[in-house]
Amino acid sequence: MTETIQDTLQGKSSNTAPQKPVQYMDTVEAYNKWAEVYDTDGNFLQALDTIQLRSLLPLFLDKVTHSHSRSQAQPQPTRLIDLGCGTGRNTLQLLQLAPLDAEIIGLDASPGMLEVARAAIARNAADRKRQGGIDVVLELFDLLASPPAPSEAYCGASAVISTLVAEHIPLQAFFGAAAAVLRPGGYLLVTNMHSEMGAISQAGFVDVTTGTKIRPTSYCHTVRDVLVGAESAGFEVERLDGEDVREVRVDEGMVEVLGRRAEKWVGVKVWFGICFRKRL
């Protein structure tokens with residue numbers, strides 16, 4: 001069984017008192033609580049992920065649209081899925097960049113996060129209508145279901161993005177779900193916390209009412225783990241911007257952009273992104 005970051009850190013810090021009380025809880029329950037402050041609590045990894053997606057998503061979608069047009073005898077909408085969409089942070093980036101014929105589906109296990117995502121997308125509804133309108137469907141979908149059983153309405157996707165999600169899912173389940181919703185030849189863009197960061201810490205937030213640090217279940221997946229898990233599930237690496245894997249190490253120049261919480265991570269790799277294609 002894959003060891004969680006909680007288990008690893010408890011073994012390393014048994015003689016060290018935490019600065020704040022920490023409560024570990026079920027991932028969905030934790031994210032339901034986190035939803036209210038998820039976009040405003042200064043999490044620098046989310047900020048970094050958003051910045052990286054600004055450059056990666058256009059390249060990714062260019063691959064998707066060219067492949068989709070070549071593979072379709074009859075024109076069909078380009079179905080794009082944000083797997084583990086959370087508050088819709090990167091769903092909104094998809095909306096801005098997707099072709100006008102796209103269908104966008106956001107899937108997440110947390111009702112609280114989806115509620116925030118619906119509000120964020122509704123605020124953009126007027127602009128979308130003026131631009132010709134791409135509708136977004138948001139639905140509950142639990143990546144930890146065994147086995148994952150997505151609705152037929154979600155299958156056959158041309159592309160899936162999944163950002164800062166794999167940290168919370170054993171890789172066999174994660175890539176199994178991605179493979180279930182993607183058509184053969186479809187593309188998958190994965191971003192995740194780097195294992196250099198995962199060896200020290202994990203996702204979490206401070207409950208402002210109690211001062212308790214809330215942490216969901218997390219796993220320290222290395223880049224190698226992800227590559228092997230993807231290959232086992234029928235994926236192959238697809239280069240983006242000349243890179244097989246993009247890894248980001250925090251430097252001093254990033255701190256002003258990412259926020260004060262990035263200071264302690266200077267010199268540490270904290271993020272990586274990989275594009276995959278589901279084998280035909």
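The shortest distance between side-chain heavy atoms of Tyr24 and Thr4 does not fall below 4.5 Å. You'll find the side chain of Leu144 reaches within 4.5 Å of the side chain of Pro170, heavy atoms only. Two residues are said to be in side-chain contact when any heavy atoms from C-beta on lie closer than 4.5 Å; Leu45 and Met197 meet this criterion. Using a 4.5 Å cut-off on side-chain heavy atoms (C-beta onward), Leu258 and Ile51 make contact. Residues Ile81 and Val160 are in side-chain contact: their nearest non-hydrogen atoms beyond the backbone lie under 4.5 Å apart. Here the side chains of Val223 and Glu247 are in contact, with some heavy-atom distance below 4.5 Å. Considering only heavy atoms from C-beta on, Arg246 comes within 4.5 Å of Asp241 through its side chain. Side-chain contact between Val28 and Pro111: present, with at least one pair of heavy atoms (C-beta onward) separated by less than 4.5 Å.
In this structure, the side chain of Ser162 does not engage the main chain of Val165 through any donor-acceptor pair within 3.5 Å. A donor-acceptor pair is defined here as one N or O able to donate and one able to accept, closer than 3.5 Å; no such pair exists between the side chain of Asn32 and the backbone of Ala35. In this structure, the side chain of Glu167 does not engage the main chain of Gln202 through any donor-acceptor pair within 3.5 Å. Side chain of Asp207 to main chain of Thr212: no donor-acceptor pair is present (N/O by atom type, distance under 3.5 Å, no hydrogens or angles). No side-chain donor-acceptor contact under 3.5 Å links Arg79 to the backbone of Gly156. Judged by distance alone, with hydrogens and angles left aside, the side-chain atoms of Ser67 form no donor-acceptor pair with the main-chain N or O of Val64 at under 3.5 Å. A distance-only check finds a donor-acceptor pair linking the side chain of Lys278 to the backbone of Ala179 [under 3.5 Å]. Proximity of a side-chain donor or acceptor of Arg215 to a complementary backbone N or O of Val22 within less than 3.5 Å is not detected. Here the side chain of Asp142 pairs no donor or acceptor atom with the backbone of Ala109 at under 3.5 angstrom.
When all heavy atoms of Asp108 and Gly84 are compared, the closest pair comes out as OD2-C, 3.2 Å. When all heavy atoms of Tyr31 and Pro216 are compared, the pair lying nearest together is CE1-CG, 3.9 Å. Counting all heavy atoms, side chain and backbone alike, Leu182 lies closest to Ala157 at CD2-O, 3.4 Å. For Ala117 against Gly86, the heavy-atom pair with the smallest separation is CB-O, 3.4 Å. Contact detail for Leu80 and Ala98: the closest heavy-atom pair is CD1-CB, 3.7 Å. Across all non-hydrogen atoms, the minimal contact from Ala30 to Phe205 is O-CE2, 3.6 Å.
Cluster membership check: Met113 does not share its hydrophobic cluster with Val116, using side-chain heavy-atom separations under 4.5 Å among Ile, Leu, Val, Met, Phe, Trp and Tyr. Hydrophobic cluster membership is shared by Leu164 and Val257, with clusters built from Ile, Leu, Val, Met, Phe, Trp and Tyr side chains linked at under 4.5 angstrom. Hydrophobic clustering of Ile, Leu, Val, Met, Phe, Trp and Tyr side chains at less than 4.5 Å, counting indirect connections, unites Leu143 with Ile105. Both Val266 and Ile200 are assigned to one and the same hydrophobic cluster, defined by single-linkage of ILVMFWY side chains at heavy-atom distances under 4.5 Å. Under the 4.5 Å side-chain heavy-atom criterion for ILVMFWY residues, a single connected hydrophobic cluster contains both Val136 and Leu189.
Other residues, nucleotides and ligands contribute over 12 non-hydrogen atoms within 6.0 Å of the CD atom of Glu103. For Glu243, the CD atom is densely surrounded, since the number of other residues' heavy atoms within 6.0 Å is greater than 12.
In this structure, CG on Leu48 lies 10.0 Å from CG on Leu53, to the nearest 0.5 angstrom. Distance check: Leu240 CG to Glu238 CD gives 7.5 Å after rounding to the nearest 0.5 Å. Distance check: Asn90 CG to Leu57 CG gives 6.5 Å after rounding to the nearest 0.5 Å. Here OG1 of Thr78 is found 10.0 Å from CD1 of Ile104. Values are rounded to the nearest 0.5 Å. Taken to the nearest 0.5 Å, the NZ atom of Lys63 stands 8.5 Å off from the CZ atom of Arg277. Separating the CD1 atom in Ile274 from the CG atom in Leu227 is a distance of 4.5 Å, to the nearest 0.5 Å.
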### Task
Apply side-chain contact (heavy atoms from CB on, under 4.5 Å) to Asp41 and Arg261, showing your working.
CA-CA 10 Å; Asp41 71 349; Arg261 289 171 60 183; 4.1 Å; yes
### Message
Between Asn192 and Phe272, does the side-chain contact (heavy atoms from CB on, under 4.5 Å) criterion hold? Intermediate values first, please.
### Response
CA-CA 6 Å; Asn192 199 46; Phe272 68 89; 3.7 Å; yes
### Query
Could you go step by step and tell me if Arg89 and Gln46 meet the side-chain hydrogen bond (donor to acceptor under 3.5 Å, both in side chains) rule?
CA-CA 9 Å; Arg89 179 173 54 88; Gln46 295 162 29; 5.0 Å; no
### Query
Ile121 and Leu92: side-chain contact (heavy atoms from CB on, under 4.5 Å), yes or no, with the steps?
CA-CA 7 Å; Ile121 288 166; Leu92 290 171; 3.9 Å; yes
### Task
Evaluate the criterion ring-ring contact (aromatic ring centres under 6.0 Å, His included) for residue pair Phe174 and His221; output intermediate values, then yes/no.
CA-CA 12 Å; Phe174 176 80; His221 301 314; 8.2 Å; no
### Message
Walk me through whether Leu83 and Phe141 qualify under side-chain contact (heavy atoms from CB on, under 4.5 Å).
### Response
CA-CA 9 Å; Leu83 187 61; Phe141 177 62; 3.8 Å; yes
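Using cut-offs of 30° and 60° on the angle between ring planes, the pair Tyr38 and Trp34 is perpendicular. Between Phe175 and Phe276, the ring-plane angle classifies as perpendicular under the 30° and 60° cut-offs.
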